[in-house]
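Below is one structure, written out as structure tokens; the observations come after it.
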Amino acid sequence: MALNARLDHRNPLVIDTHELGRRPGALQRLTRTVDAPKDFGIKSVVGVPEGAPVELELRLESVMDGVLVTGTGRARAEGECVRCLEPVGLELEADFQEMFSYPDADDRGRVIAEPGDDAEDDEDRLFVEDGLIDLEPVLRDAVVLALPMQPVCREDCPGLCAECGARLADDPEHHHDAVDMRWAALQGLADTIRDGEKDEKSGAERGVDEKQEK
């Protein structure tokens with residue numbers, strides 16, 4: 001999180017920690033329902049639709065270095081079966097725990113984190129900004145980890161027919177007669193010979209009929 005970014009307290013995923021205070025050991029429990037943000041899941045595979053309700057249970061704990069947030073997000077995810085391409089719906093429960101560091105100093109005046117001391121560390125850390133914390137990146141990561149990478153409509157889904165694309169679950173007896181390609185050319189030659197024999201026979205029969213008419 002950028003340290004100088006201004007968080008919007010009206011955003012339901014931005015949590016105000018002023019009530020918690022900065023006394024180590026202080027606890028605060030919160031429950032709220034928020035609308036899922038855009039692209040909340042694994043893109044083009046499975047995810048929580050934008051605007052769908054996400055139920056949050058949060059536990060905020062004030063520690064020496066910042067605010068430790070432990071929580072659970074629950075929502076309904078939607079996607080597509082990777083085997084048969086049918087719609088898939090599943091109940092999602094994502095657990096997370098994240099430390100939000102104080103970027104200035106604790107209530108005793110001791111410096112906890114100096115922004116810019118280590119740019120690489122700052123990039124990986126999340127901070128409390130003016131008493132606010134943004135849960136969206138934490139919850140987004142937790143949701144992605146909780147979702148199946150290859151969702152299926154059922155564990156034994158047989159998928160689609162490789163030859164015609166039919167859904168095999170709808171027709172368990174579905175099959176195609178196997179053709180050995182090594183014999184396909186010979187089969188074609190045999191069909192040609194049979195057709196030639198039929199033509200010759202038909203010609204001979206026409207000749208006999210003409211003689212009889214004479």
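Only a predicted model underlies this, so the values are computations on that prediction, with no experimental measurement involved. FYI, side chains are in, hydrogens and waters are out, and symmetry mates aren't considered; it's all heavy atoms of this structure.
Of all heavy-atom pairs spanning Phe127 and Pro103, the tightest one is CD2-CB, 3.8 Å. Between Tyr102 and Ser62, the shortest heavy-atom contact is OH-OG, 3.7 Å. Residue Arg154 comes nearest to Arg83 through the heavy atom pair O-NH1, 4.1 Å, listed as atom of the first residue, atom of the second, then distance. Val63 approaches Val67 most closely through the heavy-atom pair CG2-N, 4.4 Å.
Here Asp95 pairs with Thr72 under the side chain to side chain donor-acceptor pair (under 3.5 Å) rule; sequence neighbours left out. In this view, Leu145 satisfies the side-chain contact (heavy atoms from CB on, under 4.5 Å) rule with no residue, not counting sequence neighbours. Remark: Glu136 engages Arg140 in a side chain to side chain donor-acceptor pair (under 3.5 Å) (not counting sequence neighbours). Taking Glu98 as the reference, nothing meets the side chain to side chain donor-acceptor pair (under 3.5 Å) condition, with sequence neighbours excluded. Every residue two or more places apart in sequence or in another chain that forms a side chain to side chain donor-acceptor pair (under 3.5 Å) with Arg10 is listed here: Asp8.
Rounding to the nearest 0.5 Å gives a distance of 9.5 Å between CZ of Arg29 and CD of Glu61. The line from CG of Asp16 to CG of Leu7 is 10.5 Å long, rounded to the nearest 0.5 Å. For the atom pair CG of Leu135 and CG of Leu60, the computed distance is 7.5 Å after rounding to the nearest 0.5 Å.
Side chains of Leu58 and Ile15 form a contact here, defined as non-hydrogen atoms less than 4.5 Å apart. Counting heavy atoms from C-beta on, the side chains of Asp141 and Phe96 never come closer than 4.5 Å. Within the 4.5 Å cutoff, the side chain of Leu92 has no heavy atoms near those of the Val54 side chain.
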For the pair Leu126 and Val138, evaluate side-chain contact (heavy atoms from CB on, under 4.5 Å) and give the outcome as yes or no after the intermediate values. CA-CA 9 Å; Leu126 297 174; Val138 177; 3.3 Å; yes
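In terms of hydrophobic clustering, with Ile, Leu, Val, Met, Phe, Trp and Tyr side chains grouped at heavy-atom distances under 4.5 Å, Leu68 and Val14 are assigned to different clusters. When hydrophobic clusters are built by joining Ile, Leu, Val, Met, Phe, Trp and Tyr residues whose side-chain heavy atoms come closer than 4.5 Å, directly or via intermediates, Val144 is grouped together with Leu147. Note: the hydrophobic cluster containing Met64 does not contain Leu27 (ILVMFWY, side chain heavy atoms under 4.5 Å, direct or indirect links).
Looking at Asp130, its side chain never comes within 3.5 Å of a backbone N or O of Leu132 through a donor-acceptor pair.
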Please report, to 0.1 Å, the donor-acceptor pairs under 3.5 Å made by any side chain of residues 74-82, with sequence neighbours excluded.
residue: Arg74; atom: NE; partner: Glu93; partner atom: OE1; Å: 3.1
residue: Arg74; atom: NH1; partner: Glu57; partner atom: OE2; Å: 3.2
residue: Arg76; atom: NH1; partner: Glu91; partner atom: OE2; Å: 2.8

Side-chain atoms of residues 31-53: list all donor-acceptor pairs with protein atoms under 3.5 Å, sequence neighbours left out, distances to 0.1 Å.
residue: Arg32; atom: NH1; partner: Pro12; partner atom: O; Å: 2.8

